[in-house]
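Since the structure is predicted, the reported quantities are computational estimates derived from the model, not experimental observations. Note that these values count all heavy atoms, side chains included, but never hydrogens, waters or copies made by symmetry.
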Amino acid sequence: MDLFEYMQEKKKENESPLASRMRPETLEEVVGQEHIVGKDRLLYRAIKADRLSSVIFYGPPGTGKTSLARVIAASTSCEFRQINATSAGKKDMEDVVAEAKTTLGGYGRRTMLFIDEIHRFNKGQQDYLLPFVEDGTIILIGATTENPYFEVNGALLSRSVIFELKSLSAEDIGKLLDRAVADEAKGMGSFHAVLEPEARAFLADAANGDARTALNALELGILTTARSEDGLIHIDLATASECIQKRVLRYDKNGDNHYDTISAFIKSMRGSDPDAAIYYLARMLYAGEDIKFIARRIVICAAEDVSNADPMALVVATSAFEAVERIGMPESQIILAQAAAYVACAPKSNSAVEAIFAANREVEGSKTPPIPGHLMDAHYKGAGKLGHGDGYKYSHDYPNHYCRQQYLPDGLVGKKFYELSEMGYEKQLKEHLEKIRREAGE
């Protein structure tokens with residue numbers, strides 16, 4: 001690199017966006033991702049020892065995939081080259097490989113190739129890299145926002161270690177915002193800005209795990225806000241909201257509004273109003289509520305308020321909970337909407353709730369009577385001598401797979417806990433029980 005190229009590069013660095021300037025240069029500057037770059041973790045040790053093998057970083061935008069690659073570049077004795085799969089072609093890779101062979105043969109140094117958006121390469125382009133990764137000419141670092149098990153060739157995957165990066169927490173993003181405001185060399189420290197606590201919390205939360213989004217909004221706010229009388233640039237909640245293009249919604253996840261909104265959501269589903277349920281769902285999602293928290297409440301409502309009036313409600317709600325854990329946002333809003341709408345529209349019954357509460361009161365308020373002998377376990381050695389299981393009638397040997405038999409303990413015979421309603425499928429269950437009992441002579 002000659003002097004002209006060096007000056008161009010420095011100018012580019014100085015004029016690049018805040019999110020780019022604030023990329024970490026050492027492992028100690030990395031925020032978040034402790035599960036892979038903590039001091040006792042494999043990736044941390046490999047980078048520190050300069051013994052990194054081919055890796056693929058997989059995770060959402062703004063979680064630090066490129067930043068980690070730059071940290072590696074600053075830490076390694078290998079030659080480091082970078083290309084972006086959205087614009088690079090086979091010719092670019094051929095040039096890197098030719099240079100890597102020369103470097104390895106002439107100087108004994110390997111080349112580390114970082115390919116951003118590696119999932120954009122087609123199968124042929126990925127296959128081209130395989131022999132050079134295989135023989136060690138190139139150490140591959142791939143970055144992708146897509147699941148590599150679907151988007152990267154299996155042969156390349158088998159020669160790489162996959163590290164999944166998680167969305168940054170609001171606390172992590174808050175640390176980055178503080179660092180950017182204070183850093184005079186790379187950040188906005190020379191502007192003497194003050195990020196108000198409410199604005200900081202809003203940006204950290206509204207960024208939804210994407211550090212780039214939060215830093216871009218902060219930079220825009222500082223560059224476009226006039227100084228106050230005290231000579232400082234104050235970034236308040238209104239400015240933060242405008243810069244991230246997201247309206248502030250009054251919603252404190254630890255305060256009354258949080259509980260009021262989830263309460264309204266549940267009561268709307270219980271009250272069979274799908275429109276209101278979807279509306280409150282949208283409010284919670286907009287405010288950044290935890291999607292797993294919402295899914296849990298739908299599951300509870302399906303069991304508590306729908307129950308056996310429509311047993312499929314619990315199936316739908318449970319499936320939705322499992323799906324949002326795997327899918328994440330923004331697609332999970334569709335899954336949650338489907339589940340909430342189903343539960344809201346389903347016939348309602350709280351018979352199971354009343355039953356378990358009544359049984360709890362009975363258990364808590366009286367002595368525990370012995371289980372009838374014919375219901376006791378008769379499978380273990382010696383049980384027969386104790387009379388366990390004697391006289392038990394196997395239901396499947398009788399018409400309708402039902403026979404008259406005592407199941408409740410002595411003293412509770414005839415006690416009713418579960419009263420089936422006339423709602424939905426419970427009505428069919430009630431008619432079925434009445435039929436088999438009537439035909440058995442009860």
Listed by chain and number, what are the side chain to side chain donor-acceptor pair (under 3.5 Å) partners of Tyr418, not counting sequence neighbours? Asn308, Glu426
Measure the shortest side-chain to side-chain distance between Phe57 and Ile162 over non-hydrogen atoms and say whether it is less than 4.5 angstrom. no
His401 side chain to Asp397 side chain, donor-acceptor N/O pair below 3.5 angstrom: no
Stepwise side-chain contact (heavy atoms from CB on, under 4.5 Å) test for Leu104 and Arg109: CA-CA 5 Å; Leu104 184 62; Arg109 295 173 63 187; over 6 Å; no
Among residues two or more places apart or on two chains, list those pairs meeting ring pair (Phe, Tyr, Trp, His ring centres under 6.0 Å) that have a residue in residues 125-145. Tyr128-Phe132
Check this for me, if you would: do Glu79 and Arg81 make a salt bridge, where the nitrogen-to-carboxylate-oxygen distance has to be below 4.0 angstrom? yes
Pairs satisfying side-chain hydrogen bond (donor to acceptor under 3.5 Å, both in side chains), at least one member in residues 161-185, at least two apart: Ser169-Asp172, Asp178-Arg200
Electrostatic pair Arg21:Glu219 at N-O distance under 4.0 angstrom: yes
Quick one: do the Ser268 and Asp273 side chains pair a donor with an acceptor below 3.5 Å? no
Return the set of residues passing ring-ring contact (aromatic ring centres under 6.0 Å, His included) with Tyr394 (not counting sequence neighbours), or none when no residue passes. His396
Would you mind writing out the side-chain donor-acceptor pairs for residues 38-49 within the sub-3.5 Å range, not counting sequence neighbours?
| from | atom 1 | to | atom 2 | distance (Å) |
| --- | --- | --- | --- | --- |
| Tyr44 | OH | Glu28 | OE2 | 3.3 |
| Arg45 | NH1 | Asp40 | O | 2.9 |
| Lys48 | NZ | Glu28 | OE2 | 3.2 |

Which residues share a ring-ring contact (aromatic ring centres under 6.0 Å, His included) with Tyr425, sequence neighbours left out: none
Any chance OH of Tyr392 has more than 12 other-residue heavy atoms, nucleotides or ligands included, within less than 6.0 Å? yes
Glu25: side chain to side chain contact (heavy atoms under 4.5 Å, CB included) partners, not counting sequence neighbours: Glu29, Lys186
Would you say the side chain of Leu218 lies within less than 4.5 Å of the side chain of Val181, judging by non-hydrogen atoms? yes
Write down the atom of Leu336, the atom of Leu281, and the distance for their closest heavy-atom approach. C-CD2, 3.8 Å
Do Ile83 and Asp116 touch side chain to side chain, with heavy atoms closer than 4.5 Å? no
Review item, side-chain donor-acceptor pairs of residues 313-324, under 3.5 Å, at least two apart:
| from | atom 1 | to | atom 2 | distance (Å) |
| --- | --- | --- | --- | --- |
| Thr318 | OG1 | Leu314 | O | 2.7 |
| Ser319 | OG | Val315 | O | 2.9 |

Non-hydrogen side-chain atoms of Asn400 and Lys435 separated by less than 4.5 Å: yes
Between Ala346 and Val306, the two heavy atoms sitting closest are CB-CG1, 3.8 Å
ring-ring contact (aromatic ring centres under 6.0 Å, His included) filter on Tyr398, not counting sequence neighbours, yields none
Establish, from distance only, whether the side-chain atoms of Lys348 and Ser272 form a donor-acceptor pair under 3.5 Å. yes
Taking the side chain as every heavy atom from C-beta outward, state whether Ile139 and Ser53 have any atom pair closer than 4.5 Å. no
Can you confirm whether Lys427 is buried at NZ, in the sense that more than 12 heavy atoms of other residues, nucleotides or ligands lie under 6.0 Å from that atom? no
Pairing donors with acceptors under 3.5 angstrom, does anything connect the side chains of Asn350 and Asp305? no
Does the side chain of His192 come within less than 4.5 Å of Ile233's, by heavy atoms? no
Taking the side chain as C-beta and beyond, is there a heavy-atom pair between Thr111 and Thr137 under 4.5 Å? no
List for me each residue that meets side chain to side chain contact (heavy atoms under 4.5 Å, CB included) alongside Ala155, sequence neighbours excluded, and say none if there are none. Leu130, Arg159
Among pairs that include at least one residue of residues 328-347, which meet side-chain hydrogen bond (donor to acceptor under 3.5 Å, both in side chains), considering only residues two or more places apart or in two chains? Asp310-Tyr342
A side-chain contact here means heavy atoms from C-beta on lying under 4.5 Å apart; do Phe114 and Thr66 qualify? yes
Measure the CD1-CG distance between Ile173 and Asp210 for me, rounded to the nearest 0.5 Å. 7.0 Å
Answer yes or no: does atom CD of Glu198 have more than 12 heavy-atom neighbours from other residues, nucleotides or ligands under 6.0 Å? no
All side chain to side chain contact (heavy atoms under 4.5 Å, CB included) counterparts of Thr239, not counting sequence neighbours: Thr225, Ile235, Asp236, Cys243
